[in-house]
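Notes for the one structure printed next.
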Amino acid sequence: MVRIQRGKLLAFCLCVMATVFLLITLQVVVELGKFEGKKFKNSHLKDGHAQMEAEPLHLHPFFNREGLTLNRKKTLAADSFPIMLWWSPLTGETGRLSQCGADACFFTINRTYLHHHRTKAFLFYGTDFSIDSLPLPRKAHHDWALFHEESPKNNYKLFHQPVITLFNYTATFSRHSHLPLTTQYLEGTEVLTSLRHLVPLRSKNHLRKSLAPLVYVQSDCDPPSDRDSYVRELMTYIEVDSYGECLRNKPLPPQLSNPASMDADGFFRILAQYKFILAFENAVCDDYITEKLWRPLKLGVVPVYYGSPSIADWLPSNRSAILVSEFSHPRELASYIRALDRDDRRYQAYIEWKLKGEISNQRLLTALRERKWGVQDVKQDNYIDAFECMVCTKVWDNIRLQEKGLPPKRWQADVTHLSCPEPTVFAFSPLVPRRRSLREMWIPSFQQSKKEARALSFPVSCPDESSQEEGSPGRCPYTLKQVSIPSEELMLSNCGAGEDS
């Protein structure tokens with residue numbers, strides 16, 4: 001009995017202690033709530049919205065406050081900063097406040113911001129740009145910005161005047177773009193002058209007993225440049241070791257068979273053994289230059305280049321690559337390469353710039369020095385960040401002009417921002433329909449893209465006053481006119497999109 005009474009007394013004491021603990025905890029919570037309420041009341045907020053018009057940058061400490069949920073932060077940012085809406089969701093982020101120097105903008109892929117009063121710009125990723133899905137009607141204060149670093153085969157519509165001129169700002173491979181990405185595959189001058197992978201010429205001459213003078217590695221076959229047709233013809237005049245899916249006559253080691261191994265050290269060691277690399281782009285466009293050129297230059301191998309007609313403007317020296325365009329036929333190119341292969345002095349002239357570590361091309365040096373982004377460099381912004389900040393800064397420039405009662409500036413792309421001619425085929429290899437070959441599709445696809453581009457047009461004036469933007473007398477939204485296109489032609493325009501490898 002005594003034991004039972006002691007047990008009850010112990011239980012009672014525990015209950016009292018728990019009650020006291022809960023009361024103390026509740027009091028602490030109440031006091032903290034009062035304190036937070038004072039902080040909230042004394043902050044820069046009014047009616048739940050930040051007063052950011054005068055000093056927008058002062059809001060940043062508030063956004064780091066732990067008391068706000070993520071959604072609340074996004075709402076406040078969208079209500080306080082210019083909104084940049086990624087219409088093509090390249091970034092995949094539903095909301096992000098980014099600092100661009102002295103300016104800040106809210107970036108999102110959430111299309112519910114289409115009609116938000118703070119939405120100032122629409123960002124498009126070129127590969128996913130479609131005339132069937134656009135933020136219409138286009139208002140006069142909406143800027144459109146294009147990011148397209150890829151080959152025209154990913155979206156030919158962009159390479160026609162009615163489409164490219166839709167955009168106020170561009171980031172493309174063209175030097176004429178607002179944000180040129182011409183050197184997007186080149187980390188810097190140090191990788192060009194590096195001797196890390198260089199195989200001495202004496203060793204290469206010895207390796208020639210088992211290796212061809214030329215190597216070709218492509219797995220994206222029959223692209224618009226018709227490169228496989230050229231290489232196929234070239235192979236009839238000179239030996240070529242081909243490791244890729246296209247024209248393959250030599251296997252890679254199993255550990256390097258995956259396309260992801262193209263940047264592996266083992267793959268580089270194989271290529272570095274050769275004297276010449278066939279560096280053929282998948283499209284012929286001014287300033288469209290990929291790793292096809294930079295890779296052999298990094299490895300100390302002479303590139304035999306076909307692609308950008310403006311390539312001479314970007315080579316590290318005036319004798320660092322053999323240009324296919326200077327030869328009238330693959331037979332002549334083969335003869336020239338055989339002569340260099342036999343003459344060490346003439347061959348050495350093509351790699352002398354690398355051995356001396358001298359890059360004489362001032363255009364290339366200036367472009368690398370002045371670009372506002374880096375390649376595979378965690379210490380620098382990437383080119384997507386630079387593109388976003390370019391648009392953000394332009395938008396803020398116009399906001400400041402309007403605050404002073406001045407008219408906003410208007411920028412517009414032109415045809416030089418993406419310049420690619422219609423695809424052609426080599427005269428010695430006319431089109432002969434082959435089953436399931438993309439080669440026969442590129443010219444019809446380009447021609448079809450012209451029809452789709454002509455489906456877009458701007459009006460000269462508003463059709464009626466009801467279409468005028470509220471609060472902007474005399475101005476009206478841009479509109480787009482569409483024409484019907486046969487379904488069989490639309491099928492052509494969607495062929496072949498994808499990465500080159």
Side-chain angles (χ1 to χ4, degrees), residues 186 189-218 227 230-231 233-244 247 249-250 252-253 265-281 289 291-308 311-361 364-365:
L186 180 59
T189 57
E190 63 282 353
V191 297
L192 291 177
T193 56
S194 171
L195 302 180
R196 175 187 173 190
H197 296 285
L198 181 71
V199 175
L201 181 55
R202 180 177 298 179
S203 299
K204 290 189 178 186
N205 285 334
H206 180 73
L207 289 165
R208 279 286 287 110
K209 297 176 181 178
S210 58
L211 299 178
L214 283 160
V215 62
Y216 184 57
V217 185
Q218 290 299 155
R227 63 187 173 198
Y230 191 100
V231 177
E233 182 75 9
L234 182 66
M235 285 176 161
T236 64
Y237 302 102
I238 192 171
E239 187 181 2
V240 178
D241 286 345
S242 181
Y243 289 95
L247 308 177
N249 58 23
K250 200 161 189 173
L252 282 168
D265 195 66
F267 180 66
F268 286 172
R269 283 198 297 270
I270 290 176
L271 296 185
Q273 299 176 102
Y274 287 86
K275 285 188 171 182
F276 306 92
I277 289 181
L278 290 172
F280 282 41
E281 306 288 7
I289 305 165
E291 78 286 348
K292 305 295 185 300
L293 172 73
W294 305 122
R295 182 185 290 148
L297 292 175
K298 293 177 190 178
L299 300 178
V301 182
V302 178
V304 179
Y305 183 82
Y306 178 71
S308 170
I311 189 60
D313 290 344
W314 300 101
L315 294 173
S317 80
N318 58 8
R319 180 164 291 193
S320 51
I322 297 170
L323 306 185
V324 172
S325 59
E326 296 180 353
F327 299 87
S328 61
H329 193 277
R331 177 176 52 250
E332 294 183 4
L333 175 62
S335 177
Y336 184 76
I337 292 174
R338 283 197 302 269
L340 291 182
D341 186 31
R342 293 191 297 263
D343 190 329
D344 287 353
R345 183 184 58 82
R346 291 178 64 190
Y347 176 84
Q348 195 89 350
Y350 279 91
I351 59 174
E352 185 176 0
W353 67 272
K354 188 176 184 70
L355 296 173
K356 293 182 177 180
E358 296 177 353
I359 296 177
S360 58
N361 188 337
L364 176 61
L365 292 172

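Given the structure is predicted, the values throughout are model-derived calculations rather than measurements.
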Next item on the list: Run the numbers on M235 and S242 for side chain to side chain contact (heavy atoms under 4.5 Å, CB included), then give the verdict.
Entry: CA-CA 10 Å; M235 285 176 161; S242 181; 3.9 Å; yes

Please check this pair: side chain of [X] against backbone of [Y], looking for a donor-acceptor N/O pair closer than 3.5 Å.
X    : Y    : value
Y305 : S308 : yes
K275 : L214 : no
N361 : L315 : yes
K354 : S194 : yes

Would you name the heavy atoms of [X] and [Y] that are closest together and state the gap between them?
X    : Y    : answer
Y237 : A334 : CB-CB, 3.6 Å
P253 : I270 : CD-CD1, 3.7 Å
S320 : W353 : CB-NE1, 3.3 Å

What's the separation between atom [atom1] in [X] and atom [atom2] in [Y], rounded to the nearest 0.5 Å?
X    : Y    : atom1 : atom2 : answer
R342 : R208 : CZ    : CZ    : 10.5 Å
I289 : E281 : CD1   : CD    : 7.5 Å
I238 : D341 : CD1   : CG    : 7.0 Å
E190 : I359 : CD    : CD1   : 9.0 Å

Counting C-beta onward and ignoring hydrogens, is there a side-chain heavy-atom pair between [X] and [Y] closer than 4.5 Å?
X    : Y    : result
K292 : P303 : no
L271 : P296 : no
W314 : L186 : no
V215 : L278 : no
L299 : L198 : no
R295 : F267 : yes
I351 : V301 : no

Checklist line | Residues in ring-ring contact (aromatic ring centres under 6.0 Å, His included) contact with Y216, at least two apart in sequence or another chain | finding: none

Item checked: Partner residues of Y306 under the ring-ring contact (aromatic ring centres under 6.0 Å, His included) criterion, sequence neighbours left out -> F280, F426

Note to self: Would Y347 and F276 count as a ring-ring contact (aromatic ring centres under 6.0 Å, His included) here? Give the steps.
What the structure shows: CA-CA 10 Å; Y347 176 84; F276 306 92; 5.3 Å; yes

Next item on the list: Could you walk me through whether D344 and K204 pass the salt bridge (Lys or Arg N to Asp or Glu O under 4.0 Å) test, one step at a time?
Entry: CA-CA 11 Å; D344 287 353; K204 290 189 178 186; over 6 Å; no

Checklist line | Partner residues of K298 under the side-chain hydrogen bond (donor to acceptor under 3.5 Å, both in side chains) criterion, sequence neighbours left out | finding: E187

Next item on the list: Start with the C-alpha distance between Y336 and R346, add both sets of side-chain angles, then the distance that settles side chain to side chain contact (heavy atoms under 4.5 Å, CB included), and finish with yes or no.
Entry: CA-CA 11 Å; Y336 184 76; R346 291 178 64 190; 3.5 Å; yes

Check: Which residues satisfy the side-chain contact (heavy atoms from CB on, under 4.5 Å) test with K209, sequence neighbours excluded?
Finding: H206

Next item on the list: Using side-chain contact (heavy atoms from CB on, under 4.5 Å) as the criterion, list what pairs up with D241, not counting sequence neighbours.
Entry: L211, A212, E239, Y243, K250, Y274

Next item on the list: Provide the full list of salt bridge (Lys or Arg N to Asp or Glu O under 4.0 Å) pairs with a residue in residues 312-340, sequence neighbours left out, each pair given once.
Entry: R175-D313

Next item on the list: May I have the step-by-step check of side chain to side chain contact (heavy atoms under 4.5 Å, CB included) for V304 and I277, ending in yes or no?
Entry: CA-CA 6 Å; V304 179; I277 289 181; over 6 Å; no

Margin query: Run W294 and L192 through side chain to side chain contact (heavy atoms under 4.5 Å, CB included) and show every step you take.
Written below: CA-CA 8 Å; W294 305 122; L192 291 177; 4.1 Å; yes

